[in-house]
2 protein chains.
Amino acid sequence: MSVTIKDVAKRANVAPSTVSRVISDSPRISEDTKKRVRKIMDEMGYHLNINGRVLVRQSTQTIGIVMKDSATHSFENPFFSEILKGISESCHANEYSLNLTTGESEESIFQDVIKMVQGKRVDGIIVLYSKEDDKVVPYLMEHNFPFVVVGKPLYGANKFMYVDNDNIEASRDATNYLIDRGHRELGFIGGDLKFEVTRDRLKGFKLAAEQHGIEVKDHSIKSIDLNDTVENGKKLVKALLSLSKPPTGLVITDDYNGLTVMSALQEENIRIPQDVSIIGFNNTMIAKLANPPLTTVDTNPYQLGFEASSGLIDILHDPSKVKRGVIIPTTIIERDSCISIQPMIEPQLDVN
Amino acid sequence: MSVTIKDVAKRANVAPSTVSRVISDSPRISEDTKKRVRKIMDEMGYHLNINGRVLVRQSTQTIGIVMKDSATHSFENPFFSEILKGISESCHANEYSLNLTTGESEESIFQDVIKMVQGKRVDGIIVLYSKEDDKVVPYLMEHNFPFVVVGKPLYGANKFMYVDNDNIEASRDATNYLIDRGHRELGFIGGDLKFEVTRDRLKGFKLAAEQHGIEVKDHSIKSIDLNDTVENGKKLVKALLSLSKPPTGLVITDDYNGLTVMSALQEENIRIPQDVSIIGFNNTMIAKLANPPLTTVDTNPYQLGFEASSGLIDILHDPSKVKRGVIIPTTIIERDSCISIQPMIEPQLDVN
DNA sequence: TCTTTTTCTGAAATCGATTTCATAACAATT
DNA sequence: AATTGTTATGAAATCGATTTCAGAAAAAGA
């Protein structure tokens, strides 16, 4: 058995309460006593058992993380790793621990969340996605459990905190980046449309096209199924290439998908950027290391995570302080996957 | 306040102990009572508070994970994500939770470990590396705390469980792969030599070279500092190219470093595989998505994680069952970053 | 010197479960 | 009918801390 507060108390000839107060450095204990007790704690090799404290304080000082497909798929994408990095760093600074859901299916993740909440395993939760028909957020709201979403709230926008990019704008910028470089045949490749990010980025894409009078046909809007990216990437690329006017510019909502598509294109001997320009999202390390290096929208995933975590911790410390939404700015990082082209000259009637 | 076991007990007209027994489905409670109590638990919305249980059971059902540079750098590398995936899945199957260290420096990670152990926050620990001068493993041994190392033990090999590849063999295979394809000028690029993986892989590399009578000069053995990979990659590549006989085949101990080197080489207009063949390690998704796709040694990181976690959980369930070491097999995954070359013909005296 | 205030510490209750030990009620055995 | 054995449940202690409330001792004020 390890040394407890009582053992220390006995040896120091004080009450357990005194030892407890020494631990939390209460001003109500004299310096003399503190010194004496601390010395004995050292001698006896005393260490606080966190579980005792948790029980009475009703606070675990840990934050739960909910990933979309949890470990199974999320970890594949460096974007999530970056977010986790941000969260981890903020947690560390505030002396919080991290607890990950380990479920694989949507349902088992939901069960993990219930356990976290009802079992009082964590003080608050960060949800790393925003998705249609998702049960997690409604559940957390219903139970009035502190949480922060990384992504755009689908409803109850003013009822909880979220951290997000302005994805519509970001995607519009990305699309304009291609348009400005002469591209008129545009394609959009996104993830599952159930996720709000994908929708927003599609919106931005369409918006930009519209404003420039560019028609975007439905068949140049594709989505990649993350469960089987490589195969899907190939199929999708073939479909895109078989169009009468294949796109010369591709907006792809994630670097990881970007690489998948690049590799499928290259297999078809399509050169990047000479034949097709590509712009990705997130600016993860894979964008930097790709060949050619990928031009991408930096969404600052680290920052997203950091703000989410800090925001949640703020809320935990003072529940009245509810920050509604934090928008992290985005910037386009120019690398080598985009090229300027001569736009096809539209046949024009002589006006004069 | 939430519903406790006492509330349920009162309402059901039984003792708290009975409710507790119903929760753990003890055979000592009659089916009738069980049914009745369960119904009331449902009605009242009772949920087990894990913290109460933790305190008396002295077991948290959670596993702590120690990463080498913790979140800050480890997450950058998909290799760790893969391991985490394996761990996560095994934990889920066994109803364990995961707790990550959040420290950034070696020292603060060590502090995290102390907190985990002494604060009894976790039941066991998985250390994701094996490193010279590391304080974590000795600490865990000294305190007789259950743990598993992913990597090769530096000492006390028979005293704790570890999961590893046979890195010497794996690296020898990789090197032979190049040698078999005619490469005679070989280079080795590894991470920090303080890590046992790097050393082993270097050993294997040297072994293979030796056996084929290939001389390996010290200046074609390099290491990449993970803190600043891109810049270091460039420097290192320049140094390698300026050798009188620059290597035609490169063994690189990690896909991530492999990509870094590839991108530096390509910047110098060195073609892969035509000018330089590269073989990496780990077979993470970035190897698959690289351009050209990277030939690599599959170390089965998922498996490494899964076995580590399952092994630890075994030990937790039955401390006498100490599996010493688990070696996960490796295989070379052939892709497009290696090519056969005509070895330079050594000037030979006519023997006849 | 006596009262009041302040400073420091202790006793005991509490957090929410588990578990040991005891016992009532009933069945089985002789 | 008396004894033994089962079965089902309860009372109370316990895990390791925190915290409220109270009280002793010392300092300050009258």
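Order of the sequence lines fixes the chain letters, A, B, ..., with proteins taken first and strands second; residue numbering starts at 1 for each chain.
A tilted orientation is assigned to the rings of A:H317 and A:Y96, their planes being inclined by 30° to 60°. Ring orientation note: the planes of A:F147 and A:F160 are tilted relative to one another, at an angle of 30° to 60°.
Within 4.0 Å (heavy atoms only), A:N51 reaches no atom of the nucleic acid at all. Nucleic acid contact class of A:S17 (heavy atoms, under 4.0 Å, all strands): base. Contact annotation for B:T33: backbone-only contact, meaning every heavy-atom pair under 4.0 Å involves sugar-phosphate atoms and none involves a base. At a threshold of 4.0 angstrom between heavy atoms, the contacts of B:V14 are confined to the sugar-phosphate backbone, with no base atom among them. Residue contacts shown for A:D32 are absent, as no nucleic acid heavy atom lies under 4.0 Å away.
Side-chain nitrogen and oxygen atoms of B:T4 include none within less than 4.0 Å of the OP1 or OP2 phosphate oxygen of C:dC15. Between A:S30 and C:dT9, a side-chain N or O to OP1/OP2 separation shorter than 4.0 Å is present. Within the 4.0 Å cut-off from OP1 or OP2 of D:dT18, at least one side-chain nitrogen or oxygen of A:S20 is found. Distances shown here put a side-chain N or O of B:T18 below 4.0 Å from the OP1 or OP2 atom of D:dG10.
Taking atom CG on A:N49 and atom P on D:dC15, their separation rounds to 11 Å, with Å as the unit. Distance, A:L48 CG to D:dG16 P: 12 Å, rounded to whole Å. Rounded to an integer number of Å, the gap from B:R121 CZ to D:dC15 P is 21 Å. If you measure from atom CD of B:Q118 to atom C1' of D:dA17, you get 16 Å, rounded to the nearest angstrom. Rounded to whole angstrom, the span from the CD1 atom of B:I50 across to the P atom of C:dC15 amounts to 19 Å. To the nearest angstrom, P of D:dC15 lies 6 Å from NZ of A:K6. B:R53 places its CZ atom 21 Å from the P atom of D:dA17, with the value rounded to the nearest Å. Going from atom CZ of A:R21 over to atom P of D:dC21 covers 13 Å, rounded to whole Å.
Checking each of B:I40, B:V14, B:V37 against B:V22 for a side chain to side chain contact (heavy atoms under 4.5 Å, CB included) leaves exactly one that passes, namely B:V37.
Comparing C:dT19, C:dC8, D:dC15 by their nearest atom to the side chain of B:Q58 picks out D:dC15. Side chain of A:V56, nearest nucleotide from C:dC15, C:dT20, C:dG10: C:dC15. For A:A15, the listed nucleotide lying nearest its side chain is C:dA11; candidates were C:dT18, C:dA11, D:dA17. Looking at the side chain of B:L55, the nearest of the listed nucleotides D:dT9, C:dG16, C:dG10 is C:dG16.
A side-chain donor from one of A:S2 and B:K120 sits under 3.5 Å from a side-chain acceptor of the other.
Salt-bridge formation is not detected for the pair B:D134/B:K194: no Lys NZ or Arg NE/NH1/NH2 atom is positioned less than 4.0 Å from an Asp or Glu carboxylate oxygen. Looking at A:K35 and A:E31, no side-chain N of the basic residue comes within less than 4.0 Å of a carboxylate O on the acidic one, giving no salt bridge.
Checked by distance alone, A:R28 brings a side-chain donor or acceptor within 3.5 Å of a matching partner on the base of C:dT9.
A residue-by-residue look at B:K120 and B:E31 shows that B:E31 has its nearest nucleotide of DNA chain D further toward the 5' end. Along DNA chain C, the nucleotide closest to B:I23 and the one closest to A:R57 are compared, and the more 5′ of them pairs with A:R57. Closest-nucleotide positions on DNA chain D for A:G52 and B:I29 were compared, and the one nearer the 5' end corresponds to B:I29.
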